[in-house]
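Since the structure comes first, as structure tokens, the remarks are kept for the end.
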2 protein chains.
Amino acid sequence: MNERSQKSRCANCAIRHRAICGALSNEEIQSLSRIAHSRTLSPGETLMSDAEPTEYFANVISGVVKLLKTSADGRQQILGLLFPTDFLGRAYSAENPYFAEAATDVEICCFPHQAFEKLLADHPGLERRLFERTLSELDAAREWLFVLGRASAEEKVASFLNMMARRAPNLDYTEDNAEAPAHFLLPLTRPDIADFLGLTNETVSRQFSKLNKRGIIRLVTSREVVVPHLPRLAETAGQTELEFA
Amino acid sequence: MNERSQKSRCANCAIRHRAICGALSNEEIQSLSRIAHSRTLSPGETLMSDAEPTEYFANVISGVVKLLKTSADGRQQILGLLFPTDFLGRAYSAENPYFAEAATDVEICCFPHQAFEKLLADHPGLERRLFERTLSELDAAREWLFVLGRASAEEKVASFLNMMARRAPNLDYTEDNAEAPAHFLLPLTRPDIADFLGLTNETVSRQFSKLNKRGIIRLVTSREVVVPHLPRLAETAGQTELEFA
DNA sequence: CGAATTGTTGAATATTCTCAACAGAGGTGG
DNA sequence: CCACCTCTGTTGAGAATATTCAACAATTCG
């Protein structure tokens, strides 16, 4: 738990204009500051559990959060990844249908449940923005349904890398340099990637090696990736024009 | 295209209180009647395409609708199924991220885009209800992520049958008779089921035969199923306490 | 520096897919 | 009304793909 200075916290927030808070005016941001507090977590720490209700909503400020579901016999599936500006928790219900866990070092900005719902009620623009984000999450989940159901192991790993090349936080991806080399750090371990793609870590590792040998990616270290030519990676992923909202 | 009598159409609607319209008062329903029209479709007909914007939102009144995504090389994945009371189309955007196709004979109730968005703006309860349905869709999509990523062919088919036992329209499933035999018609063909589960139709067919031999289901015809003991089917599906919103 | 975690690779196995043949149901026209 | 055709579903045999088990390398952390 790592509290920031109280006064202009939100106004100076790194994701001030990209998160849902972007729908709020500067005065409204002031009142938001009063109810918000930030928190830092280490990899593996639980942010949210389906066993107990959550007392807050949160925006991801930095790092990556895994949403996951585990079965009784230990199988695990990552249902989605949250990147900076993404939202964690659900309006109008404190129940959580799944787990959320920090994949990397994570910083989140928390709003108490009740106060946030009041804010929602007072600012229709905010609610609308939240709704649109939920639709994006739905689109993203459905994109992955196709990947999990119909892609080969190679296509799955390529799809994942393709998504990471766009979203990995330390890379400034823009449409302009779609053909330029991409260079980024993977926020997930091999077993995590496997849990995301519905594969085993061995299969993921083998596909990384194969893509590396074929020159579609270059593994600087096991976590550091260079993609010389993004369209070629996208092609390997099945060129299905994915959006990854 | 099959227009109904204009006057009290909505008030007499079979799903009046279960669809999102249930949020509206009787007077409001009157004004809704004025902008709504119903349509019937045959199996295989397209309701919505990602190629062209849709001119309406719609509620499913009867039948089952497939949401699907097809890749360039012909692979197909069903992303979700819409049952009566479910909603088709997206607020605030006429673009569709995927296809919608009638799986059975289907009757839908259509609202022109603009008129419906006005209705949404005027009735916050309606918008809220729409938002909550979207959250349910998101939950359902994420449940299937687990099934597609981590379930065996047998578990996939059992999960599907388990879902059908609850939702197949001609079965009145209630929590009370969770242990009673279920009896229903499958709204999907074997290839459709395969596209839903990320399998081939041959594998689906083999798993049906196996479950039939083991007595977990009884195939009256290829489309008519009896489940003598639902908990046993749920157990075969992986007992993962699925909700299938 | 040593232990523990993370990642890679190989060989054998299991599962699912592909290709192919055939059976049953449903619809159409002679 | 039946013969025929098509579409849907079933089953088998062989092939492909991913998993399991296992050993080992590399990296990180204390």
Side-chain angles (χ1 to χ4, degrees), chain A residues 42-45 66 73-77 101-105 147-161 185-214 217-225 236 238, chain B residues 42-44 66 71 73-77 103-105 147-161 185-214 217-225 236 238:
Chain A
S42 303
E45 279 193 77
K66 304 178 280 183
D73 62 351
R75 281 176 289 181
Q76 223 174 43
Q77 177 67 46
E101 200 181 290
T104 62
D105 284 319
V147 172
L148 290 186
R150 289 302 178 197
S152 66
E154 180 180 273
E155 290 169 326
K156 283 180 179 179
V157 171
S159 296
F160 171 74
L161 287 166
L185 288 174
L186 295 172
L188 300 186
T189 64
R190 294 292 186 275
D192 275 348
I193 298 170
D195 284 342
F196 192 36
L197 297 175
L199 299 168
T200 59
N201 54 13
E202 294 95 328
T203 299
V204 170
S205 190
R206 275 185 250 274
Q207 297 301 332
F208 268 90
S209 301
K210 206 159 74 176
L211 292 173
N212 191 38
K213 273 186 198 118
R214 287 175 53 195
I217 63 171
R218 189 163 60 81
L219 286 171
V220 182
T221 70
S222 63
R223 297 291 281 270
E224 194 181 351
V225 181
T236 310
Chain B
S42 303
K66 302 178 281 183
S71 70
D73 63 349
R75 283 177 287 181
Q76 222 174 45
Q77 176 67 46
T104 62
D105 284 319
V147 172
L148 290 185
R150 290 302 180 197
S152 66
E154 179 179 276
E155 290 169 325
K156 284 180 178 180
V157 171
S159 296
F160 171 75
L161 286 166
L185 287 174
L186 295 172
L188 301 185
T189 64
R190 294 291 186 274
D192 276 348
I193 297 171
D195 284 341
F196 193 36
L197 298 175
L199 299 169
T200 59
N201 53 12
E202 294 95 329
T203 299
V204 170
S205 190
R206 276 185 249 273
Q207 296 302 332
F208 267 91
S209 300
K210 205 159 76 175
L211 292 172
N212 192 38
K213 274 187 197 117
R214 289 174 52 195
I217 63 172
R218 189 163 61 82
L219 286 172
V220 182
T221 70
S222 64
R223 298 291 284 267
E224 194 180 351
V225 181
T236 310

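Nothing here was measured: the structure is a model prediction, and the numbers come from that model. Here is the naming used below: chain letters follow the sequence lines, and residue numbers restart at 1 for every chain.
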Between D:dT10 (P) and B:Ile217 (CD1): distance, integer Å: 9 Å
Separation of D:dT28 P from A:Arg190 CZ (nearest whole Å): 12 Å
A:Phe208 side chain near A:Thr203 side chain, heavy-atom distance below 4.5 Å: no
Under 3.5 Å: donor-acceptor pair, side chain of B:Ser159, backbone of B:Glu155: yes
d(CG, B:Leu211; P, D:dT11) in whole Å: 13 Å
Proximity to the side chain of A:Pro191 - top-ranked nucleotide from C:dG7, D:dT19, D:dT10: C:dG7
Salt bridge A:Arg75-A:Asp195, side-chain N to carboxylate O under 4.0 Å: no
Which residue lies more 5' along DNA chain C, comparing A:Leu219 with A:Arg150 via nearest heavy atoms: A:Leu219
Side-chain N,O (A:Thr203) to OP1/OP2 (D:dT19) below 4.0 Å: yes
Residues in contact with DNA chain D, drawn from residues 151-158 of chain B - heavy-atom cutoff 4.0 Å: none
d(CD, A:Glu202; P, D:dC21) in whole Å: 10 Å
Spacing of B:Glu224 atom CD relative to D:dT8 atom P, expressed in whole Å: 19 Å
Atom-pair distance (CD on B:Gln207; C1' on D:dG9), nearest Å: 15 Å
Under-4.0 Å salt bridge between B:Glu154 and B:Arg214: yes
Polar side-chain contact B:Arg206-D:dG9 base: donor and acceptor under 3.5 Å: no
A:Val225 vs A:Val220 side-chain heavy atoms within contact, under 4.5 Å: no
Touch class at under 4.0 angstrom, heavy-atom based, for A:Ser209 against every strand present: sugar-phosphate
Length of the line joining B:Asp192:CG and D:dT8:C1', which is rounded to integer Å: 11 Å
B:Arg223, CZ: over 12 other non-hydrogen atoms inside 6.0 angstrom: yes
Sugar-phosphate, base or nothing in reach of A:Gly44, heavy atoms under 4.0 Å: nothing
Residue A:Thr200, side-chain atoms from C-beta onward, closest of C:dG7, D:dT20, D:dG9: D:dT20
Options C:dG7, C:dT9, D:dT10, nucleotide nearest the side-chain atoms of A:Thr189: C:dG7
Result of checking A:Leu199, A:Val157, A:Leu188 against A:Ile193 for side chain to side chain contact (heavy atoms under 4.5 Å, CB included): A:Leu188
For atom CG of A:Leu185 and atom P of D:dT28, their distance in whole Å: 11 Å
Distance test, side-chain N/O of B:Arg223 to OP1/OP2 of D:dG9, below 4.0 Å: yes
Phosphate OP1/OP2 of C:dA25 contacted by B:Thr221 side-chain N/O (<4.0 Å): no
Heavy-atom pair of closest approach, residues B:Phe196 and B:Gln77: O-NE2, 3.0 Å
